[in-house]
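Let me begin by presenting the structure, written as structure tokens, before commenting on it.
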Amino acid sequence: MSTLSLNHVGKQYSVKGEQLDVLDDINLHIQPGEFVAIVGSSGCGKSTLLRLVIGLDDDYRGQIRIDGEKISGTSLDRGIVFQEHRLFPWLTVEQNVGLALENSPLSNDEKKRTIAGHLDLVGLKGFETAYPYQLSGGMSQRVAIARGLVNRPGVLLLDEPFGALDALTRANLQAELRRIWEQEGITMILVTHDVEEATFLADRIVVLQPRPGRIKRVVPVPLPHPRNRADPAFVAIKDDVLSEFGHAPRPQLIEPLPRPFGDYVFAW
Amino acid sequence: MTYPIPETDPVLVRDEVPSDKHVQPPALWRWLSQRDWRGFALPLAVLALWWAVTRFGLANTQVLAPPEAVLVEGLHQIFNGGFVWDLLASVSRDLAGFTLGGLAGFALGTLLGTSRLAELLVAPSFNAVKQIALFAWIPMISVWFGMGEPAKVVFIALAAFYPVAINTFEGIRSVNRDYAEVARVYGFGRLQLWRRVILPAASPQIFTGLHLALIYAWLATIGAEYFLKSGYGVGNSMIDGREHFNMGSVLFGLVVVGSIGALLNQFAVRLEHRALKWRNRAA
Amino acid sequence: MSLTETLPVPALAAPAATPRLAQALAGLRSRVWRGALALILPLAVLALWHAATLNGWVAQQILPAPALVWTTLLDLWHSGELWTNLAISLTRVAWGFSAALVIGLALGVAMGLSKTAEAYLYPSFKAISEVPVLGWIPLLIMLVGIGEAMKILVIAKAAAVPITINTQQGIRNIPQPYLEVARVYRFNPRQLWLKVIFPSTLPSLFNGFRYGLTNAWLSLVTVELLASSEGIGYQMVWGRQLFQLDVVMACMLVIGLVGLAIDLFLQITETRLLRWRRAAF
Ligand SMILES: Nc1ncnc2c1ncn2[C@@H]1O[C@H](COP(=O)(O)OP(=O)(O)O)[C@@H](O)[C@H]1O
Ligand SMILES: [Mg+2]
């Protein structure tokens, strides 16, 4: 199990000769098996941050370390579910999931079994031989999630994985993800702009602010699992995070409880 | 005011299948009556005119043979003449040139598509040389390779080379980089990246190149046989036919050239359809 | 991995003046760099060719010296021979292509607008177009002789096929919503043609035009090589028969240049046309 730490991480893109700050001074320490959610408005650098952690981009400032060792390039121990599903259109569903096992030491039989198990897990039994063009957006995303999980990486990054799903599937998959996380002890970093989703799943919620992307606050979610979305404590945390975006419901209308604002503020 | 467009909607036309589920007329009759016979009017008219002109002495039958004579000559060619050998010779040199040129084109396209430096070095020259009309190479090829089989195959290969090289190059160059990133995440090596990502992603365009090459190679085969007049071949038989005022032979050759071309085209379409069934052709 | 390899262009100069200036400089530098790289191969080939003929590695009968090809080209140019032949060739292309435009547009519009016309004409058109120009040449020679008419027919056939197909499909594929807009605003037929049908078929028409012109030039070269007593293609055959390979190669160069000129002409026309189209909408 691995501790992931980001120290003073910054990233610039040069757009037409001009330097554009996308991430600035990101400090984050993630314990083995922790579930961290990153929320932030669109364009504030969430995907960029994941690209740095997965190792697709090594042009950045600061350090990203796993167990004290600086990451270099990609590794089979770090998996990612991309924001756009990135399934290969020329491969069937099971072949797409199999991509992740291409370089794994499993035998062919074991590979087959694992792939089938994961397709079952994301509810795509019976679609093994379908091509991506035959799938809906939500189904494609589920295949991508299966692909991200199938080789059991120590750290799994998820970039808005449920964004394209309908509410019901989304709730199901959130529960499934939670279950897998508890079962496997995988460290998970979930990027989302659904604050409720973050509150439902994460141990900590990192709020990013845009231009340049910085950590505005980190909100712990000290609630036991399984969490109840209607639980006042749950709602309080959710609203607290939402308030960072100026979307918080007005207290006098919905807020039934006195909300001790400072209680959940543990920014560091 | 009227709008001519709606009535021509091809989808509507295709769906107009009569729903005679209860009374089933004989299959042959259905087939005959569902066919659109209007397309035959023009060819029949031309045929009638041709026949009349030769029958009533309005044209020199030395120049314009009557249709029945052409038919007889065609049948003669099939059953007694060397038609089979001509066809065999043409098709085999076509395939030889296609294979050679296709492989060379694929190699160059791959090189240009994968190496930016190679692209900068070679692509401009390639594009310049490409401007020379294909048949303008024939005189030099006949000097360098003679008038026999090697020259023909080289020329056919040249015809197949260009489309494959261009399309392979563009296909590889336009592979979505997102896919290559997925490969990096799963630790693919160079070979895996090639086999699992770049080739399949570029395959639609590579197929387009091969398809074009198949058509061009057949054209070049006939052309090579016209210009480099040694040995057998459909083109040779047509040129001979013209020299001996044998219209039957020329017309028969014309039909064969068209049919083989159409056949090759169909073959390529089918193959493409099967190999690329992962693409949503319907959408 | 070479996919992500970038060209070895000198890196951007350190904190340059304004970003825009630096950008312009980098653009210029990379263009010069590209041009230099592009010239390496042709120059190397030329040098090798020159050395080969100079040292007698290959016989003059097989490969004339590059300098000889060049002087021959200049000779042909100055003596006017080249111009006469080129003019004859281009006149043939012009006639053939004009005929193809008339035939192709008429056929394409007829088959595009009327299902009936299509039912009668399309099968014959398809059959004729399915046989390449090369297949038609011997028959045409038998029917109309080896003269000008045959060449123009050949060129016209080669050019008319893409023009017809593209015209027909252009008309077929006019987006229905545009036609509905025209109906909503009660356009009269003139407005309909000018504001909807013509602009929306224009890209397709241009495609036909493009392939038509390219085909016309290619089949001209072919037919002149095969059966002609004048023209640039004939000059080449003549050079080949007398084993004057310098003439042959000079002609290849000219043919390549004309091909390039046609290509450039088409590119410029297209950008013009597209601008016009944008203005029309
Ligand atoms: N390759 C790139 N080149 C230049 N700018 C980029 C690139 N990728 C992303 N950006 C910019 O960086 C910012 C953050 O992008 P991203 O990380 O995708 O945001 P998010 O995932 O939070 O929506 C955006 O403003 C985007 O325009
Ligand atoms: Mg994003």
Side-chain angles (χ1 to χ4, degrees), chain B residues 1 3-8 10 13 36 38-43 63-64 114-117 120-125 128-129 131-140 142-144 175 177 180 190 193 198 219 222-223 226-227 235 238-239 241-242 245 247 250-251 253-255 257-258 261-262, chain C residues 1-8 34 37-38 40-42 61-62 112-116 119-124 127 130-132 134-139 141-143 171-172 174 176 179 183 188-189 217-218 221-222 225-226 233 236-237 239-240 245 248-249 251-252 255-257 259-260 263:
Chain B
M1 92 172 279
Y3 290 88
I5 309 306
E7 61 162 323
T8 60
V13 175
D36 193 340
R38 289 174 293 179
F40 285 89
L42 196 60
V63 177
L64 188 66
T114 35
S115 159
R116 186 94 172 100
L117 185 64
L120 288 171
L121 280 172
V122 181
S125 307
V129 173
Q131 294 294 345
I132 299 172
L134 186 63
F135 280 90
W137 283 99
I138 288 233
M140 283 321 282
S142 73
V143 172
W144 291 334
V175 171
R177 293 298 183 266
R190 238 185 136 83
L193 180 68
I198 295 175
L219 260 178
I222 304 304
Y226 282 178
F227 288 106
M238 288 175 78
I239 289 284
R242 185 187 74 74
F245 282 97
M247 191 152 181
V250 168
L251 259 180
L254 186 151
V255 172
V257 169
Chain C
M1 174 56 220
S2 38
L3 254 182
T4 50
E5 194 174 83
T6 44
L7 70 163
R34 278 161 170 267
L37 281 178
I40 293 178
L41 185 63
Q61 275 79 25
I62 291 186
L113 290 181
S114 149
K115 265 281 165 206
T116 314
Y120 280 106
L121 298 175
Y122 187 74
S124 303
E130 200 78 39
V131 180
L134 269 172
W136 287 103
I137 290 178
L139 182 69
I141 293 179
M142 290 186 82
L143 290 179
I171 291 181
R172 269 305 148 71
I174 297 173
Q176 200 62 35
L179 293 174
R183 213 142 82 192
N188 61 34
W217 172 245
L218 295 181
V221 172
T222 311
L225 283 170
L226 202 60
M236 218 167 144
V237 178
R240 167 70 182 86
L245 299 188
V248 176
M249 294 194 106
C251 288
M252 279 175 81
I255 287 173
L257 286 175
L260 185 68
D263 230 39

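Proteins come first, then strands; the chains are lettered A, B, ... in the order of their sequence lines, and each starts at number 1.
If you tally non-hydrogen atom pairs under 4.5 Å between each of T222(C), L218(C), I137(C) and chain B, the highest count goes to T222(C). Interface summary for chain B: among M142(C), M249(C), E130(C), the most heavy-atom pairs under 4.5 angstrom belong to M142(C). Of the listed residues (W144(B), F40(B), F245(B)), the greatest number of heavy-atom pairs within a distance under 4.5 Å of chain C belongs to W144(B). In terms of non-hydrogen atom pairs under 4.5 Å with chain C, the most contact-rich of I132(B), L254(B), V257(B) is L254(B). Of all the listed residues (I239(B), L219(B), V255(B)), the one sharing the greatest number of non-hydrogen pairs under 4.5 Å with chain C is L219(B). For the options G241(B), S142(B), A262(B), heavy-atom pairs under 4.5 Å to chain C are most numerous at S142(B). For the set P139(B), G258(B), G235(B), the entry with the most heavy-atom pairs within less than 4.5 Å of chain C is P139(B). Interface remark: of the candidates V221(C), V248(C), I255(C), L225(C), L225(C) forms the most heavy-atom pairs closer than 4.5 Å to chain B. Comparing P123(C), C251(C), A119(C), G233(C) by heavy-atom pairs within less than 4.5 Å of chain B, the highest count is held by A119(C). Listed options G261(B), G223(B), S125(B), P124(B) were ranked by heavy-atom pairs under 4.5 angstrom with chain C; first place goes to S125(B).
With a 4.5 angstrom heavy-atom cutoff, Y122(C) does not touch chain B via any of its atoms. When heavy atoms are compared at a cutoff of 4.5 Å, I40(C) approaches chain B solely by way of its side chain, counted from C-beta outward.
Here L257(C) contributes atom CG and M252(C) contributes atom CE; the two are 12.0 Å apart, rounded to the nearest 0.5 Å.
Here the closest heavy-atom approach between residue V175(B) and residue I198(B) is recorded as CG2-O, 4.0 Å. A136(B) approaches M236(C) most closely through the heavy-atom pair O-CE, 2.7 Å. Minimum interatomic distance between L134(C) and Y226(B) (heavy atoms only, all atoms of both residues): O-OH, 2.6 Å.
Within the 4.5 Å cutoff, the side chain of L42(B) has no heavy atoms near those of the Y120(C) side chain. The shortest side-chain heavy-atom distance between M247(B) and L143(C) falls under the 4.5 Å cut-off. Two residues are said to be in side-chain contact when any heavy atoms from C-beta on lie closer than 4.5 Å; V250(B) and L139(C) meet this criterion.
For R116(B) (side chain) and T114(B) (main-chain N/O), no donor-acceptor pair under 3.5 Å exists by modelled atom type.
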